[in-house]
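Proteins come first, then strands; the chains are lettered A, B, ... in the order of their sequence lines, and each starts at number 1. Values reported hereafter were calculated over all heavy atoms of this structure, with side chains retained and with hydrogens, waters and symmetry mates removed.
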There are 2 protein chains.
Amino acid sequence: MRQIKHPAIEQVELTDIMYALSDPTRLEIVARLAKAGRKMTCGEFDLNRPKSSMSHHFKILRSAGLVETLIEGTEHMNTLRVAEIEQKFPGVLQSILKSLTQA
Amino acid sequence: MRQIKHPAIEQVELTDIMYALSDPTRLEIVARLAKAGRKMTCGEFDLNRPKSSMSHHFKILRSAGLVETLIEGTEHMNTLRVAEIEQKFPGVLQSILKSLTQA
DNA sequence: TCCATTGTTCGAATATAATCGAACAATGGA
DNA sequence: TCCATTGTTCGATTATATTCGAACAATGGA
């Protein structure tokens with residue numbers, strides 16, 4: 001079962017994370033992943049966009065180190081890399097997520 | 001004495017802040033402003049770039065609500081809008097700044 | 001084996017951003 | 001009044017991002 005490559009947390013730059021979260025669609029994806037607190041398939045996000053666009057955004061979220069995608073059968077299960085990011089950039093993701101849920 | 005317009009904190013979006021901080025040059029400007037803890041002129045940032053480029057980055061930082069620029073004579077004095085941003089997005093800017101100083 | 005399901009990749013169009021020289025504007029001192 | 005100082009604005013170029021249809025790939029069930 002082939003898996004997708006992800007950057008090691010050491011290579012993740014803060015600017016990558018900022019960039020990934022500067023897009024409303026991607027911010028929404030991250031918000032939903034956080035709220036759900038479980039792994040979600042790409043298709044579960046009903047953001048009214050073609051799958052090629054969604055795939056593009058997930059690719060950026062992965063390369064920014066924010067999302068981990070595990071292939072299970074035909075589905076791609078996505079989770080937030082909260083613990084690792086919290087370790088490397090304490091408070092950053094947490095405070096962003098908190099701001100999102102209150103807005 | 002003519003002054004520059006800034007967005008009210010209510011209009012500032014989180015994506016604007018993320019976008020503004022996704023550029024290394026702008027992140028550096030913000031880091032230095034925070035470290036200095038005082039108002040600084042645009043020219044004080046020796047980032048080895050032409051002034052038109054610097055002006056461009058400051059414009060984006062202002063429109064994102066991150067930086068306030070007050071004109072004093074021929075100088076433009078810049079400060080971080082830390083208190084307002086902390087009020088609207090608690091912890092976000094603080095944690096980002098902390099990550100910067102430790103990196 | 002066939003095929004529906006789930007996403008990725010490709011390619012091309014469009015949009016947005018970065019860069020920087022040159023011209024411009026405002027200020028204040030000589 | 002002249003002019004040096006400090007930044008902004010303009011315009012053009014180049015670079016990056018976004019978007020999405022179409023083709024492709026992998027999986028697993030009928």
Listing request: all ring-ring contact (aromatic ring centres under 6.0 Å, His included) pairs with a residue in residues 9-44 of chain A, at least two apart in sequence or in separate chains.
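Pairs touching residues 9-44 of chain A that pass the test: none.
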Per the ring-ring contact (aromatic ring centres under 6.0 Å, His included) rule, what does the pair list look like for residues 64-101 of chain A, sequence neighbours excluded?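 Every pair satisfying ring-ring contact (aromatic ring centres under 6.0 Å, His included) with a residue in residues 64-101 of chain A: there are none.
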By the salt bridge (charged side-chain N to carboxylate O under 4.0 Å, His left out) test, which pairs, at least two apart or in different chains, include something from residues 77-97 of chain B?
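Every pair satisfying salt bridge (charged side-chain N to carboxylate O under 4.0 Å, His left out) with a residue in residues 77-97 of chain B: B/Arg81-B/Glu84.
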Show every donor-acceptor pair shorter than 3.5 Å between a side-chain atom in residues 5-13 of chain A and any protein atom, with sequence neighbours excluded, or say none if there are none.
{"from": "A/His6", "atom 1": "ND1", "to": "A/Ile4", "atom 2": "O", "distance (Å)": "3.1"}
{"from": "A/His6", "atom 1": "NE2", "to": "A/Thr69", "atom 2": "N", "distance (Å)": "2.8"}

At less than 4.0 Å, is any side-chain N or O atom of [X] found next to OP1 or OP2 of [N]? Yes or no.
X: A/His57; N: D/dT19; answer: yes
X: B/Ser53; N: C/dC20; answer: yes
X: A/His56; N: D/dT18; answer: yes

For atom CZ of B/Phe58 and atom C1' of C/dC20, their distance in whole Å: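 Computing the B/Phe58:CZ to C/dC20:C1' distance gives 17 Å.
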- Atom-pair distance (NE2 on B/His76; P on C/dA26), nearest Å: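 Spelled out: NE2 on B/His76 to P on C/dA26 is 11 Å.
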Q: Enumerate the residues from residues 38-50 of chain B whose closest heavy atom to DNA chain D is under 4.0 Å, giving them by residue number; use none for an empty result.
A: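 B/Thr41, B/Cys42, B/Gly43 - these, ordered by number, are the residues of the stretch whose heavy atoms sit under 4.0 Å from the strand.
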Q) How does the hydrophobic cluster around A/Leu70 look, that is, which other residues are in it when side-chain heavy atoms under 4.5 Å mark a link? A)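 For A/Leu70, no cluster forms, as it stays isolated from other hydrophobic side chains.
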key: Remaining members of the apolar cluster that contains A/Met77, side-chain heavy atoms under 4.5 Å   =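 Hydrophobic cluster check, A/Met77: no partners found.
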Taking salt bridge (Lys or Arg N to Asp or Glu O under 4.0 Å) as the test, write out the residues that go with A/Arg62, two or more places apart.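 Partners of A/Arg62 under the salt bridge (Lys or Arg N to Asp or Glu O under 4.0 Å) test: none.
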Next item on the list: Give me the residues of residues 61-68 of chain B where at least one heavy atom lies under 4.0 Å from an atom of DNA chain C, by number, or none.
Entry: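 When residues 61-68 of chain B is checked for heavy atoms under 4.0 Å from DNA chain C, there are no hits whatsoever.
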Can you pull out the residues from residues 12-35 of chain A that lie within a 4.0 Å heavy-atom distance of DNA chain C?
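Result for residues 12-35 of chain A: none.
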A correct dot-bracket answer for DNA chain C, with pairs being Watson-Crick or G-U at under 3.5 Å, [ ] for crossing pairs and | for inter-strand pairs, is ||||||||||||||||||||||||||||||
Please tabulate, for the side chains in residues 46-58 of chain B, all donor-acceptor contacts under 3.5 angstrom to protein atoms that are two or more places apart in sequence or on a different chain.
{"from": "B/Arg49", "atom 1": "NH1", "to": "B/Leu47", "atom 2": "O", "distance (Å)": "2.8"}
{"from": "B/His57", "atom 1": "ND1", "to": "B/Arg26", "atom 2": "NH1", "distance (Å)": "3.1"}

